[in-house]
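The structure appears below as structure tokens.
Heavy-atom basis, side chains included; hydrogens, waters and symmetry copies ignored.
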2 protein chains.
Amino acid sequence: MATIREVSKHAGVSVATVSRVVNGNKWVSEATRLRVLESMEELGYEPNSFARSLATNRSNTIGMVVGDLSGPFFGPMMQRAEQVIRDAGKHLIITSGHSTLEEERDAVQFLLKRRCDALILHLDLMPDEEIIELCDKSPLPIILVNRLIPELADRCVSLDNEAGGYLATRHLLDLGHTRIAHITGPLYKSDARDRLAGYRRALETAGVPYDESLVVESDYLESGGAQALDRLKRREAEFTAVVGGNDLMAIGVINALRQQGVRVPEQCSVVGYDDVVMSAYFVPALTTVRVPVDDFGADAARLALKLCEGASDTAQLRFQPELVERQSTLAKGEVMAENLSLV
Amino acid sequence: MATIREVSKHAGVSVATVSRVVNGNKWVSEATRLRVLESMEELGYEPNSFARSLATNRSNTIGMVVGDLSGPFFGPMMQRAEQVIRDAGKHLIITSGHSTLEEERDAVQFLLKRRCDALILHLDLMPDEEIIELCDKSPLPIILVNRLIPELADRCVSLDNEAGGYLATRHLLDLGHTRIAHITGPLYKSDARDRLAGYRRALETAGVPYDESLVVESDYLESGGAQALDRLKRREAEFTAVVGGNDLMAIGVINALRQQGVRVPEQCSVVGYDDVVMSAYFVPALTTVRVPVDDFGADAARLALKLCEGASDTAQLRFQPELVERQSTLAKGEVMAENLSLV
DNA sequence: TGTTTAACTGTAACCGGTTACAGTTAACTG
DNA sequence: CAGTTAACTGTAACCGGTTACAGTTAAACA
């Protein structure tokens, strides 16, 4: 592979001039530029990215940490982010946090060693303080996705989860339901707490008393949805609708209800959260809260690129959730059988 | 950030010695090693990966091209590959081919410029000859995933699609079906052709004549499944079962059948291909052919790492498909209504 | 005792770019 | 016409590692 010195010799100019041509510096005469380009072509010259990075101290790489490379949630986010970053001529390195704190730290350190130009992080488990310290210490721009840390608000791309919880619950209230169960995600995660807060606000606004026995904390997994339903049953809770903390748990709930002979949505309405691809295919198609993960990806990438350029006038990026009505919810008036009791 | 020279000064040794310690070279006395390690610790030294790459001409990076970062198919593959590669202390750079030939070429060139140590490619559109030429020209190891090119067999991690097509069809034959439609993927793709070949072999083996009018070429998309069904209908084809070229088309077919009032599996059995996550959740849960994409990822990564180390004694990695029986197929004896006719 | 050899360490030349700085024109200004 | 400036080009130092080679020491061997 040809080097810049070979090209410079071939074209009869200095290496500096070749470098200028390669980097589009304007102080090169048209004649020289053409001669150099010709030589480059002829020798099949490709700049060595290692040398370039060493000299400029920029890797032209943006690092990304996601919880899971295979989950339905992150796919669209990565897709759009990669698109944006590649269009800018840079590379995206993705690593997975695998949903353990240790792995999350690892993944971040891994990317830092790699001297990425910026980092886009989706961290589930790392506590706020640790992230704040991380941002303070590292010299490179760091973007947080799907998480709002007040101290770093202008580095966060997030969704208003409180509003999402409100929206889901409000939808059921509007349908006439008043006994509404809520299966939350792990409450050490802020998104789960926020959704719960939205659930409570919706009830309050509608004048429906908050009933602790209708709320179960779970784990965002399908199996967790089924388990949570089991706990509600043991509590002898009565309800005609369920707000799932995410789509997977909602699907778990529906499957478990079905096994118990309860028909959805006729006897019990269920709302999900995330609008994962599968939700549209599931039967009954899931009514859910859409989280614009793809926009997260695109905006996080754009923000990262901007910060790489040295910009600092960043505005907080906060998205509003939307309700997607499908077939898993029904007005209480249309409930066919008597109210559901799992006792 | 401390450099190797600062560390060497601090420890009172030469840069060569520090480098030896960092790289685990054995010709260093224990005392010196400890002194150097202490200095490294004290100064918070981290080797500069650019400089290292420049000097060694290795990037410690493996590049991967997939059709789509967000699809259900590639997720598990990336997940496992990343795991394996990170455990080896290297990085994975993933780029997406976005299902156009132009983008596929782009993605590959992008990674080559980056001077990855090896490439793992899932190419849908690039013709065999171009890939062969690519492998001949580039000095680095290239692994092909989900594709078998005879000339490069020892570089391919693939599935026996012919066997898969056979398996799916055989399953339906075993259930007593004889009028079995097949909706193929685009026949310029070898996997679609192979599955079709398997379909034919199964019929032949069972003594059922091959009927061209039962085969429709489509596009691997859900909408394509519905369209294909439409074409069968217009042909006035009669059948009691369908072999889908992949899960998405199978789901498209089932949804379309349902809209026409045909019940699945009672009136028509449908088999998918891929065993995408969604298939288990779909109602009826899809009977399908499992493609071990996660193993593709892991094995491709391992193979890539091995080739990086200079190994050359590679054996071809060919997986056998498995049938996953779920609820979308039923014995013909149990067909409730009369045979299905869409006329 | 002289010679070989193993164990360890250092010097300096690379790897292939970028870029500060200096130098050379030629046009332009006062 | 001297002085300034814009346009262009080259030299060489630098980025921060790796590693060939040479040098030193001390133990092992003949």
Side-chain angles (χ1 to χ4, degrees), chain A residues 1-40 43-61 89-90 112-117 139-140 308, chain B residues 1-40 43-61 89-90 112-117 139-140 308:
Chain A
M1 180 125 297
T3 72
I4 198 172
R5 293 177 221 270
E6 291 170 336
V7 175
S8 76
K9 197 161 294 174
H10 188 274
V13 298
S14 72
V15 290
T17 300
V18 177
S19 178
R20 288 188 190 102
V21 170
V22 170
N23 294 298
N25 185 305
K26 57 187 165 184
W27 304 123
V28 183
S29 73
E30 199 51 28
T32 322
R33 172 186 313 282
L34 287 176
R35 199 141 36 88
V36 171
L37 286 173
E38 223 166 76
S39 296
M40 280 169 47
L43 299 177
Y45 171 69
E46 286 285 353
N48 181 312
S49 61
F50 305 148
R52 206 203 280 247
S53 287
L54 179 58
T56 58
N57 201 31
R58 314 184 92 244
S59 61
N60 284 313
T61 292
K90 300 189 184 249
L112 284 176
K113 269 193 203 162
R114 235 316 141 76
R115 309 200 184 216
C116 296
D117 296 338
L140 51 89
C308 286
Chain B
M1 180 123 296
T3 72
I4 198 171
R5 293 178 222 270
E6 290 169 336
V7 174
S8 75
K9 198 161 293 173
H10 187 274
V13 298
S14 73
V15 291
T17 301
V18 178
S19 178
R20 287 187 190 105
V21 171
V22 170
N23 294 299
N25 185 305
K26 58 188 165 181
W27 304 123
V28 183
S29 72
E30 199 51 26
T32 323
R33 174 187 310 282
L34 287 176
R35 201 141 36 88
V36 171
L37 285 173
E38 224 166 76
S39 295
M40 280 169 49
L43 300 176
Y45 171 69
E46 287 285 353
N48 182 311
S49 61
F50 305 149
R52 204 200 280 246
S53 288
L54 179 57
T56 59
N57 200 30
R58 314 184 91 241
S59 61
N60 284 312
T61 293
K90 302 191 182 246
L112 284 176
K113 270 193 203 162
R114 235 313 141 76
R115 306 197 186 220
C116 296
D117 296 338
L140 51 88
C308 286

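Taking CG of B/Asn57 as the start and CZ of B/Arg115 as the end, the distance is 7.0 Å to the nearest 0.5 Å. Taking CD of B/Glu6 as the start and CG of B/Leu43 as the end, the distance is 7.0 Å to the nearest 0.5 Å.
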Heavy-atom protein contacts under 4.0 Å, nucleotides 6-22 of chain D, coded B base, S sugar-phosphate only, - none | -SSBBBB--BBBSB---
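Put simply, the side chain of B/Arg52 reaches to within 4.5 Å of the side chain of B/Asn23, judged on heavy atoms. B/Met1 places none of its side-chain heavy atoms less than 4.5 Å from the side chain of B/Asn48. Counting only heavy atoms from C-beta outward, the side chains of A/Asp117 and A/Leu140 never approach each other to under 4.5 Å.
Comparing the end axes of the helix from C/dT1-D/dA30 to C/dG30-D/dC1, each fitted to five base pairs by superposing C1' atoms of four pairs onto the next four, gives an inter-axis angle of 40° (nearest 10 degrees).
Partner B/Val13 forms a side-chain contact (heavy atoms from CB on, under 4.5 Å) with one of B/Val7, B/Val18, B/Val21, B/Val28 and no other, that one being B/Val18.
Considering all non-hydrogen atoms of both residues, B/Ser49 and A/Arg114 come closest at OG-O, 3.9 Å.
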